[in-house]
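Beneath this line is the structure, given in structure tokens, with notes to follow.
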Amino acid sequence: MLASERIGAAIQAVVAKGRPALVGYLTAGFPSRRKFKENLTAVAGNCDVVEIGVPFSDPMADGTTIQRASFAALADGVTLPWILDELKSIEPRHPAPILLMSYLNPLLAFGMEQLPRTAARAGVSGFIVPDLPFEESGDLHRALEAEGLALVQMVTPVTPPERLEMLCREAKGFIYAVTMTGTTGKSADGKFADVPLDVLEYMDRVKSLAEVPVCAGFGIRSARQVARLAPHVDGVVVGSALVETLERGEDVGAFLRSLR
């Protein structure tokens, strides 16, 4: 099985058991570079897929929590080469497929030619690149595909119907269906607590077009939200709330289990 196919297979295996998959996000090297492997193990042990954020100086899609984590990790010397070296050194590998969420600049700085092979050797199954439009992703897509890695596509509630159909058709691994316009973590104010009906209808549209699993992300931080989204998606992405749990030094496993 290709690494890219492991992502969808992991999600579908959970769906077959009657619950949505849990995709857990952590910023690499935050809150402590020294504890990165320990924190990754805690997340991977309680999630079906793991998304590791590559720190970047201008994380435009991220809200205050992940911005704060990103800046702290950068100040602590966390880089993409360091992350890949750390992942490569992990034995045995975590059973949960690992994705890297990175803005384009760190990938270009690393080098598009060597990135896919190095990532594959480090046990990475795919990439999410929020600032790379599909129309400009051909080079990266082909480079990753040559190593069996996925380039996950993101869609939003304002993605036009024709574009949504095209992105669903071209998607690998899973479709990252952003729940709202704006940045990550915004539901801390409670406005998203009940997940509006129009968001559920949008998820249904994405599901009807998708050939790979659909995972909802941005602002998900409670079991109530997960339960409301569950009939409409294959999985949920938990980011800011998980980063905050790590930042406070609380029990990651207990928090993630509470979302079930």
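The first residue of the sequence shown is numbered 1, and numbering continues consecutively from there. Just so you know, these numbers use all the heavy atoms, side chains as well, and skip hydrogens, waters and symmetry mates.
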Expected output: side-chain [X] to main-chain [Y] donor-acceptor under 3.5 Å:
| X | Y | answer |
| --- | --- | --- |
| T179 | F218 | yes |
| Q225 | S222 | yes |
| D48 | A21 | no |
| T118 | Q114 | yes |
| R33 | G77 | yes |

Do [X] and [Y] have side chains that approach each other closer than 4.5 Å (heavy atoms only, starting at C-beta)?
| X | Y | result |
| --- | --- | --- |
| N105 | F56 | yes |
| I90 | L40 | yes |
| F174 | I128 | yes |
| S89 | K37 | yes |
| P157 | V199 | no |
| L132 | Y103 | no |
| V212 | K172 | no |
| V226 | P20 | yes |

To the nearest 0.5 Å, what is the distance between [atom1] ([X]) and [atom2] ([Y])?
| X | Y | atom1 | atom2 | result |
| --- | --- | --- | --- | --- |
| F110 | L115 | CZ | CG | 6.0 Å |
| L246 | F30 | CG | CZ | 8.0 Å |
| R228 | I220 | CZ | CD1 | 12.5 Å |
| E51 | C215 | CD | SG | 10.0 Å |
| C47 | L256 | SG | CG | 4.5 Å |
| E162 | L167 | CD | CG | 12.0 Å |

Could you state whether [X] and [Y] fall into the same hydrophobic cluster, counting links through intermediate Ile, Leu, Val, Met, Phe, Trp or Tyr residues with side-chain heavy atoms under 4.5 angstrom apart?
| X | Y | result |
| --- | --- | --- |
| F134 | L104 | yes |
| L2 | V50 | no |
| I7 | V14 | no |

Stepwise, does the side-chain contact (heavy atoms from CB on, under 4.5 Å) test hold for V152 with M101? CA-CA 9 Å; V152 171; M101 199 292 276; over 6 Å; no
Do you know which two heavy atoms are closest between [X] and [Y], and how far apart they sit?
| X | Y | value |
| --- | --- | --- |
| L149 | S4 | C-CB, 3.8 Å |
| G239 | I66 | C-CD1, 4.5 Å |
| A3 | V124 | CB-O, 4.3 Å |
| A216 | M203 | CB-CE, 3.5 Å |
| R221 | A241 | CB-CB, 3.4 Å |
| G29 | V78 | CA-CG2, 3.8 Å |

Yes or no on side-chain contact (heavy atoms from CB on, under 4.5 Å) for L99 and F127, after CA distance, side-chain angles and deciding distance? CA-CA 5 Å; L99 293 138; F127 285 79; over 6 Å; no
Could you go through the side-chain contact (heavy atoms from CB on, under 4.5 Å) check for L80 and L100 one step at a time? CA-CA 10 Å; L80 179 56; L100 293 185; 3.9 Å; yes
Could you walk me through whether L200 and H232 satisfy the side-chain contact (heavy atoms from CB on, under 4.5 Å) test, starting with their C-alpha distance in whole Å, then the side-chain angles of each, then the deciding distance to 0.1 Å, before giving a yes or no? CA-CA 6 Å; L200 301 180; H232 306 272; 3.7 Å; yes
I'd like to know if K35 and D76 make a salt bridge, using a cut-off of under 4.0 Å between side-chain N and carboxylate O. no
Can a salt bridge be assigned to the pair R68 and E244 using a cut-off of 4.0 Å between side-chain N and carboxylate O? no
Evaluate the salt bridge (Lys or Arg N to Asp or Glu O under 4.0 Å) criterion for residues R205 and E165: first the C-alpha distance (whole Å), next the side-chain angles of each, then the deciding distance (0.1 Å), finally the verdict. CA-CA 9 Å; R205 283 199 306 279; E165 192 173 335; over 6 Å; no
Scan side-chain atoms only and decide if T245 and E250 contain a donor-acceptor pair under the 3.5 Å cut-off. no
Polar contact flag, side-chain donor to acceptor under 3.5 angstrom, T64-Q67: no
From the list T159, V155, V158, side-chain contact (heavy atoms from CB on, under 4.5 Å) with Y202 holds only for V155
Just checking R117: does its CZ atom have more than 12 heavy atoms from other residues, nucleotides or ligands closer to it than 6.0 angstrom? no
Whether F36 and W82 hold their rings parallel, tilted or perpendicular, with breakpoints at 30° and 60°: tilted
